[in-house]
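Note sheet for the following structure.
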2 protein chains.
Amino acid sequence: MARRPPSAPLAAKWQNLAEGRCAERGERLTPARLAVYAEMLAHDRPLSAYELIGLLEERQKRKIAPLTVYRHLDFLMRVGLVHRLQSTHTYMPCDHPDHTHESQFLLCSSCGQVDEVESTGLETLLAEIASERGFRPDNTVVEVTGVCGTCATSEQT
Amino acid sequence: MARRPPSAPLAAKWQNLAEGRCAERGERLTPARLAVYAEMLAHDRPLSAYELIGLLEERQKRKIAPLTVYRHLDFLMRVGLVHRLQSTHTYMPCDHPDHTHESQFLLCSSCGQVDEVESTGLETLLAEIASERGFRPDNTVVEVTGVCGTCATSEQT
DNA sequence: GCCGAGAAGGTTATAACGTAACGTTTTAGC
DNA sequence: GCTAAAACGTTACGTTATAACCTTCTCGGC
């Protein structure tokens, strides 16, 4: 019997979401995969792959190879539970979990928070730009770095 | 007297552009910086920093440290002559050199060509999305990966 | 000319991010 | 139980980027 690795607490909401997503696609949600997802949800900011490794090693009291975590991250992205932020080489759980979609991100360089936005207008416009040029889009990255409303307000010294 | 390092051939057009950009900002366009820029212009696709190092080492017959090239790239980006592509960790000269602007990129995963697009509509929309949320944008990354028109056409087997 | 301040460049080392190759374990279906 | 395929683990390595520190060059004032 496989011993389930210690995992960060995971609200039923997320657990159910993860199970649903995997079931839809005939993918297997293993304890190791769930542990990575739970660890990401336990923090309120994007984490780098190596930060995740450190956190998981500490929680599970054992060595974890980078490849292991990268595979779990690839899986979680494949089923749409996790996004990769290209600008910062970090990963975060999807905030709009109700359906598959393209996302855009607002990254605050002051507090590190990331706002996941879903603008159909933007998606449409991007699709037009591509199709005008005969370009067939596959994957779209939209990441705006700047200062979020909260930080901008508290900046007024 | 400093010996000018061997540099890729550089059309007067680009040389003038580079000189103009630097003059505008009171920045110094040194031979080493120009050599990196010329090397990028000598290839018709984005190059990684380490590809660039290899090319420059071959041309100049000497060892070049990564940091050197990264500094030159930072400089060239600062003055607006070069863009970084986050999706592929590569760098390319700016195609729309007439003025400073935000750019969007269409990256063909088949042939490697990158189309630099400048859509004011998209910029406006992104600005709206940000301002609705009180977000003050600083830097925007828009990169669409897919298959370009040329490759899509020749794909029809 | 020469001298000082600051920018630019060089050197060495290392941190951070990501993958290849290969073997073992687990799981689902029979 | 048996088998095939997926998942997992281990070792090693490749790629991308930066830290710390020192030397060289350039520009302006004298």
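Sequence lines set the chain letters: A, B, ... in the order given, protein chains first and strands last, and positions in each chain run from 1.
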Check nucleotides 6-8 of chain D for protein N or O atoms closer than 3.5 Å to its own N or O atoms and list the pairs.
| residue | atom | partner | partner atom | Å |
| --- | --- | --- | --- | --- |
| D:dA7 | OP1 | A:R33 | NH1 | 3.1 |
| D:dA7 | OP1 | A:R33 | NH2 | 3.3 |
| D:dA7 | O5' | A:R33 | NH2 | 3.2 |
| D:dC8 | OP1 | A:T30 | OG1 | 2.3 |
| D:dC8 | OP2 | A:R33 | NE | 3.3 |

Please write out the pairs of protein N or O atoms and N or O atoms of nucleotides 12-14 of chain C separated by less than 3.5 Å, giving the distance to one decimal.
none

- Message: With rounding to the nearest 0.5 angstrom, report the CG to OG1 distance, A:L73 to A:T68.
- Response: 11.0 Å
- Expressed in angstrom and rounded to an integer, what is the separation of B:L52 atom CG from D:dT16 atom P? 12 Å
- Yes or no on side chain to side chain contact (heavy atoms under 4.5 Å, CB included) for A:L29 and A:V79, after CA distance, side-chain angles and deciding distance? CA-CA 10 Å; A:L29 183 63; A:V79 298; over 6 Å; no
- Using whole Å, report how far CD of A:E51 lies from P of C:dC17. 7 Å
- Message: Restricting to non-hydrogen atoms, name the atom on B:C108 and the atom on A:F135 that form the minimum distance, rounded to 0.1 Å.
- Response: N-CE1, 4.1 Å
- Message: Any residue in residues 82-93 of chain B with a heavy atom nearer than 4.0 angstrom to DNA chain C? Just list them by number, or reply none.
- Response: none
- Item | Interatomic distance where CG belongs to B:L56 and C1' belongs to C:dG10 [whole Å] | 15 Å
- Query: A:Y50, A:V82: one ILVMFWY side-chain cluster at the under-4.5 Å cut-off?
  - Reply: yes
- Ring-ring centroid check A:H89 B:H89, cutoff 6.0 Å: yes
- Hey, quick one: are A:L56 and A:Y91 part of the same hydrophobic cluster, counting side-chain heavy atoms closer than 4.5 Å, chains of contacts allowed? yes
- Task: Could you tell me the separation between the OH atom of B:Y70 and the P atom of D:dT16, rounded to a whole number of Å?
- Result: 7 Å
- Separation of atom CD1 in B:I53 from atom C1' in C:dG10, rounded to whole Å: 13 Å
- Item | B:R33 (side chain) donor-acceptor with B:R28 (main chain) under 3.5 angstrom | yes
- Item | CG on A:L125 to OG on B:S119, rounded to 0.5 Å | 5.0 Å
- Task: Have a look at A:F105 and tell me which of A:V114, A:T88, A:V117 forms a side chain to side chain contact (heavy atoms under 4.5 Å, CB included) with it.
- Result: A:V114
- Query: Has A:S48 got a side-chain N or O lying under 4.0 Å from the OP1 or OP2 atom of C:dC17?
  - Reply: yes
- Message: So does B:E123 get a backbone contact from the side chain of B:Q104, meaning a donor-acceptor N/O pair under 3.5 Å?
- Response: no
- Task: Look up atom NE2 in B:H43 and atom CE in B:M92, then write down how far apart they are to the nearest 0.5 Å.
- Result: 14.0 Å
- Note on the structure: To the nearest angstrom, the CZ-C1' distance between B:R25 and C:dA8 comes to 18 Å
